[in-house]
Amino acid sequence: MTGASRPLVAGNWKMNGARAGAVALASALVDRAAAEGGLSCDVLVCPPAHQLFPVLDVIAGSPIALGGQDCHARPDGAHTGDIGAEMLGDAGCAYVIVGHSERRTGHGETDSVVREKAAAARRAGLVPIVCVGETEAQRDAGRALRTVEDQLVNSVPDGAGASNAVVAYEPVWAIGTGRTPAPGEIHEMHGAMRRLLAARFGPDAATLRLLYGGSVNPGNAAEIASIENVDGALVGGASLKAETFWPIVRAFHDDSSPT
Ligand code: PEP
């Protein structure tokens with residue numbers, strides 16, 4: 001149940017697929033969006049970098065937005081293998097994921113690096129989706145809230161607000177595992193995040209979109225969408241097929257549609 005005017009359902013395609021499959025998936029999503037005749041949530045796909053331009057060609061003029069999966073803090077320069085936020089903007093992106101746990105763990109990204117990347121995204125006119133989330137050991141030790149609050153304080157740049165930032169709560173132990181927190185645990189975490197952001201950023205934080213991510217699928221999306229302060233989803237595995245991604249989009253569309 002969202003505090004934001006429009007929830008956001010974002011598909012993180014990670015390092016999967018080739019151009020032909022990406023184009024086919026994007027086309028299927030465009031077709032499904034057209035069949036809805038209007039959506040009350042925003043829909044985003046974040047393909048691998050080499051698929052950005054072909055996917056942009058397919059989604060142009062549709063309600064589906066394009067995002068990157070990561071960006072460098074610098075706009076350009078000697079950073080082999082990286083991509084700048086301005087480059088993602090040049091490729092048609094409106095959003096970029098920063099601080100995903102696979103970047104924090106696999107590439108040693110600290111909160112301060114994530115914060116610089118989020119600031120770079122804003123500099124380039126992109127909306128950063130700043131990911132936070134505790135490991136299983138941190139949850140078992142009773143440190144889930146404290147961990148996420150620390151990440152929020154240190155990863156979200158100053159000046160964040162509803163129009164220029166999104167936060168995704170992704171418990172590391174729930175990503176790609178088929179396991180999710182209990183609805184009450186998501187409720188507790190999202191409420192704590194909302195309070196912390198409101199204390200730092202004021203009333204605008206009431207509508208800053210807080211996504212839940214971690215094993216969202218067509219079977220659990222409606223229940224997750226109904227949780228207070230859940231303003232959308234960041235979806236990995238289930239975003240790789242239209243048949244599994246679109247029911248998640250519909251769950252958030254239904255939850256925010258006037259009844
Ligand atoms: C993710 O990696 O952001 C994610 C949420 O993955 P999955 O949906 O596969 O758990």
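Atoms within each ligand, like the ligands themselves, are counted from 1 in listed order. Everything numeric in this text was worked out from a predicted model, so none of it was measured. Position 1 is the first residue of the sequence, and the numbers go up from there.
Assignment of S239 to the shell around ligand 1 is not supported, since no heavy atom sits closer than 4.0 Å. For A238, the heavy-atom gap to ligand 1 stays at 4.0 angstrom or more.
Contact check for V230 versus L210: no side-chain heavy atoms found under the 4.5 Å cut-off.
Taking distance alone, with nitrogen or oxygen atoms compared against 3.5 Å, T177 stays at or beyond that limit from ligand 1. In terms of polar-atom proximity, I175 is not counted as a contact of ligand 1, lacking any N or O under 3.5 Å from an N or O of the ligand.
Atom numbering of ligand 1 starts at 1 in the shown order; those under 4.0 Å from a heavy atom of L234 are 3 (O), 5 (C). The contact set between ligand 1 and H100, taken as ligand atoms under 4.0 Å from a residue heavy atom, comprises 1 (C), 2 (O), 3 (O). Annotation for ligand 1: atoms under 4.0 Å from non-hydrogen atoms of G237 are 7 (P), 8 (O), 9 (O). For ligand 1 and G176, the ligand atoms under 4.0 Å from any heavy atom of the residue are 7 (P), 9 (O), 10 (O).
Judged by distance alone, the side chains of Q138 and W173 never bring a donor and an acceptor atom under 3.5 Å apart. Between the side chains of E134 and Y169, at least one donor-acceptor pair of N or O atoms lies under 3.5 Å.
With atom 7 (P) of ligand 1 as the reference point, the heavy atom nearest to it among G213, G236, A168, G11 is part of G236. Nearest-residue assignment for atom 2 (O) of ligand 1 (options R179, E102, K14, Q69; heavy-atom criterion): K14.
Enclosure of atom CZ in R146 is not indicated, since only 12 or fewer non-hydrogen atoms of other residues, nucleotides or ligands lie within 6.0 angstrom.
Between the S215 side chain and the I175 main chain, no donor and acceptor come within less than 3.5 Å of each other. The backbone N or O of V114 sits nowhere less than 3.5 Å from a side-chain atom of R103 that would complete a donor-acceptor pair.
Pairs passing the ring pair (Phe, Tyr, Trp, His ring centres under 6.0 Å) check and including a residue from residues 98-120, sequence neighbours excluded, do not occur.
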Going through the distances and angles, do R250 and E36 end up as a salt bridge (Lys or Arg N to Asp or Glu O under 4.0 Å)?
CA-CA 9 Å; R250 289 215 94 257; E36 299 290 346; 2.8 Å; yes

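Residue A174 touches ligand 1 through its backbone alone, judged by heavy-atom distances below 4.0 Å.
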